[in-house]
Amino acid sequence: MKNNSSFQSTGSAGGGGGSGTGERSGSGSLSLRYLSKIILPPLGGPPGQSQSHGGSDKWVISPLDSRYRWWDTLMVVLVAYSAWVYLFEVAFMNASPKGGLEVADIVVDLFFAVDIVLTFFVAYIDPRTQLLIRDRKKITFRYLSTFFIMDVASTVPFQALAYFITGEVRENGAYSVLGLLRLWRLRRVNQFFTRLEKDIRFSYFWIRCARLVAVTLFVVHSAGCLYYLIADRYPHPEKTWIGDVIPNFRQVSVWIRYITSVYWSITTMTTVGYGDLHARNTVEMIFNIFYMLFNLGLTAYLIGNMTNLVVEGTHRTMEFRNSIRAATSFVGRNHLPPRLKQQILAYMCLKFRAESLNQQQLMDQLPKSICKSICDHLFVPVVKDVYLFNGVSREMLLSLVTKMKPEYIPPREDVIVQNEAPDDVYVVVSGEVEVILFNGINERVEATLGTRDIFGEVSALSDRAQAFTFRTRTLSQLLRLKQATLKEAMQSRPEDNVVVIKNFLKHQVEMHGMEVEDLLGDNTGEHDNDANVLTAAMMGNSGLLEDLLRAGKDADVGDATGRTALHIAAAKVYEDCVLVLLKHACNVNIEDAQGNTAMWNAIAAGHHRIFNILYQFSRASNPHAGGDVLCLAARRGDLGMLRELLKLGLDVDSEDHDGATALRVAMAEGHADVARFLIMNGASVDKASLDDDGSGSGTARRTMSSTELRELLQKRELGHSITIVDSPAVIPDRLQSTGSNQQRWPRVSIYNGHPFLRNRSYEAGKLINLPGTMEEFIATVGEKLKVDAEKVLIVNDEGAEIDSIDVIRDNDKLFVVTGEDMRQLASMDSMSSSLCL
């Protein structure tokens, strides 16, 4: 397996191969030639057993190999030749020199002799297990106990033996009868046509017609030869059917005699009548009787085959061929790419092959007790070795496998797509499945899954979408289990539920490149459950985290660096996990080894909503929560963090638990750029004790000169905007003259959204001059922020409602709250109340 830090399933490369043929198409498509050679493995795929059995002997030939297929086709042609020619030779060339036909017969017999030897090296498909048997001993035993004797008998040249034994050119009747054993080879023709009918590369209609025509012509030829043989061997030639018409028929050309015989055979088969050729002796009459009776069956076969067998007996095949034709037409009409066409055809072919076995239909018809026993035998040996089910009870395994559905998936098929939340979990029984990561530009194979691997379980146990695409590499047999079924089985068995969750979390820790010791230090044996809390938070599995905390696990457990589950969830932006932890009364103000709180992690991750939730909960127990995080950012000189915090509406003059403001901390630490930013955005110099008479004047002078400080204050008083945006804009003041003095109008900053709910999605605030009346102020707010002024409330940064213009002071920050904001706030208040309880 290829370990990957972000991968969530095992990936042992072992496990049964694809089709068992060793042939695959290119990476982008699946050839139709390959589809005709697929071997479906048995359900369950016995452990350690692939689709081929018996090793990889280099002398063993696969029956699906292309070269052997060509050889088999050649042998079918030779079978047709030998069966046709032998009857002709026996009937019409009794004492005549055969010339080239005799040489051809010897050559054909040599080919069949070679084929007999070759068969000892050809693997076969076990009809019981559907495995490709490659064991030489089994191949030999099977051939010797089945077809070997008849194959040898059909290859022996009995006519040649008769000549050497009797010394006569004229053939002996007994040897001629033995020679009819050559007709045994016709079974290969039947197998050949059966294979072609299932091959979608050829037209089913024309293959079926060719088969019927071949049967009809061979019957006509055989009957004609046998009928002529009766006349030729009859002691009174003039009293035969042909002697009555042609007295000296033995002296007539062999082709005239053959054509006459075929003519009689066809007229008899079609029952046209005997106007010119009819039986003249008892033997011929008897033959005609049996031939006519045989014709009744042959006619029924021909007509019934064209009606009943084609329409009913081959109904599934016809539907399959029609669906293939419709799919091909659909692809062409909609100009789909070749890869999609191959995927469609591959799926339809594999479905047809699987349905023809009637495996699932049979299991659905059986009683539950028998079906349970079958699943126990087929699937439990595979499922029990899946990492997720290590150590679970046998009852749990049986309840799962009885509800699993086996499926055959063709190569290059996407089973689960990246960023998809599937409804099923899949166990690999045989074949290989690739784990693919798509980065928006190209795909990269992260790992390969084999037998006894599982995928899709992350979505089932984490309620999250899959981070990878799972695509079959070869023909694969998968066991599909509904996620709802898995969850139901886990809930009904608490002991097994704990085992499954423990296996899952342990595997996730390994897949993320972590060790349990990294979570809680060296002594982890007694803290496995605490490690599970941290791992569940790291995965964003809110459901599992809820179960662990409800069971009494510590919500404030920390890892080796002091990070709690809340730190991890806030840093990874798992809002649902944050809410679960807050619901179970976790401590929001815990600092890790670096001094970071969960609020700091949230704002560092850029998730304003999580920050606002944590900020509200933190203020319930720590009034200085806002000042602490501002002072921490100032102490670290993090100008970007300060800009984000002020954008969310935090008071720039908030004090930490030591009574210091962010400006005072920035000056004390010597961060002049941070101090300038804070001063220009409304920080109070008096609260920071940075005036010349204050206690901090020495630090201020070291950070910036008194002249620079006065210039900054003067610049801010002359109209520097306090609106926190990435590029601060300057909005000029409107001044009112009173005599020789200039008096600046009061200015306020207005923001859209409640101060506890603001996040990055809200617009930046606007600096406006305060009107003289509340009605004018509300109208101005509606115009500037594009809200319905009649349906909003005005509150300050602490959430207190403003209902009079007289309570507003210069540089106040005011927030416009809508009904939706109030509903969200009420929901958060209810959670806060449960926390306090």
Side-chain angles (χ1 to χ4, degrees), residues 603 608-609 611-613 615-616 619 626 630 642-654 677-678 680-684 716-736 742-829:
I603 196 65
H608 293 181
R609 180 176 174 83
F611 173 83
N612 284 327
I613 294 173
Y615 179 53
Q616 180 186 8
R619 287 182 61 181
L630 283 170
L642 284 170
R643 180 178 289 110
E644 291 294 323
L645 293 171
L646 295 181
K647 187 182 295 185
L648 291 174
L650 269 66
D651 186 359
V652 69
D653 291 325
S654 298
F677 173 79
L678 293 171
M680 296 303 295
N681 286 280
S684 173
R716 185 179 72 181
E717 291 298 322
L718 289 177
H720 180 78
S721 172
I722 64 172
T723 301
I724 306 302
V725 294
D726 293 337
S727 300
V730 177
I731 304 176
D733 280 332
R734 297 192 311 172
L735 302 178
Q736 178 181 359
Q742 287 186 335
Q743 180 180 1
R744 183 172 61 85
W745 289 6
R747 300 177 305 172
V748 294
S749 299
I750 56 175
Y751 300 87
N752 194 0
H754 196 282
F756 299 156
L757 298 175
R758 280 183 58 81
N759 55 43
R760 188 171 300 207
S761 63
Y762 288 91
E763 298 179 357
K766 295 184 181 295
L767 183 66
I768 65 172
N769 290 308
L770 185 64
T773 64
M774 194 65 182
E775 290 75 11
E776 293 177 350
F777 176 64
I778 293 178
T780 303
V781 167
E783 178 184 353
K784 296 294 185 181
L785 298 183
K786 303 295 189 295
V787 296
D788 188 353
E790 297 180 357
K791 298 181 180 180
V792 297
L793 297 177
I794 308 298
V795 299
N796 63 4
D797 57 351
E798 296 181 353
E801 181 180 355
I802 305 295
D803 58 1
S804 173
I805 199 71
D806 297 330
V807 300
I808 302 177
R809 297 292 181 264
D810 186 26
N811 289 332
D812 277 354
K813 293 182 178 180
L814 305 179
F815 298 85
V816 180
V817 181
T818 63
E820 180 63 27
D821 294 330
M822 296 303 296
R823 283 190 291 273
Q824 294 186 27
L825 188 62
S827 175
M828 295 174 60
D829 287 340

Trace of the side chain to side chain contact (heavy atoms under 4.5 Å, CB included) decision for Met774 with Ile802: CA-CA 9 Å; Met774 194 65 182; Ile802 305 295; 4.2 Å; yes
Would you say the side chain of Asp812 lies within less than 4.5 Å of the side chain of Asn796, judging by non-hydrogen atoms? no
Ser654 and Gly626 have their tightest heavy-atom pair at CB-C, 4.2 Å
Distance-minimising heavy-atom pair for Ser749 and Leu767: OG-CD1, 3.7 Å
May I ask you to test the Val652-Leu630 pair for a side-chain heavy-atom distance under 4.5 Å? no
Do Ile794 and Phe777 have side-chain heavy atoms sitting under 4.5 Å apart? yes
Nearest-0.5 Å distance that lies between atom CD1 in Ile750 and atom CZ in Phe815: 11.0 Å
Distance from Leu648 atom CG to Tyr751 atom OH, nearest 0.5 Å? 10.5 Å
Taking every non-hydrogen atom, the tightest pair across Leu642 and Phe677: CB-CE2, 4.1 Å
Point-to-point distance, once rounded to the nearest 0.5 Å, from CG of Leu646 to CG of Leu678: 7.0 Å
Looking at every non-hydrogen atom in both residues, tell me the closest pair between Ile805 and Thr773 and how far apart they are. CD1-O, 4.1 Å
Test item: Ile603 and His608 side chains (from C-beta on) under 4.5 Å apart, heavy atoms: yes
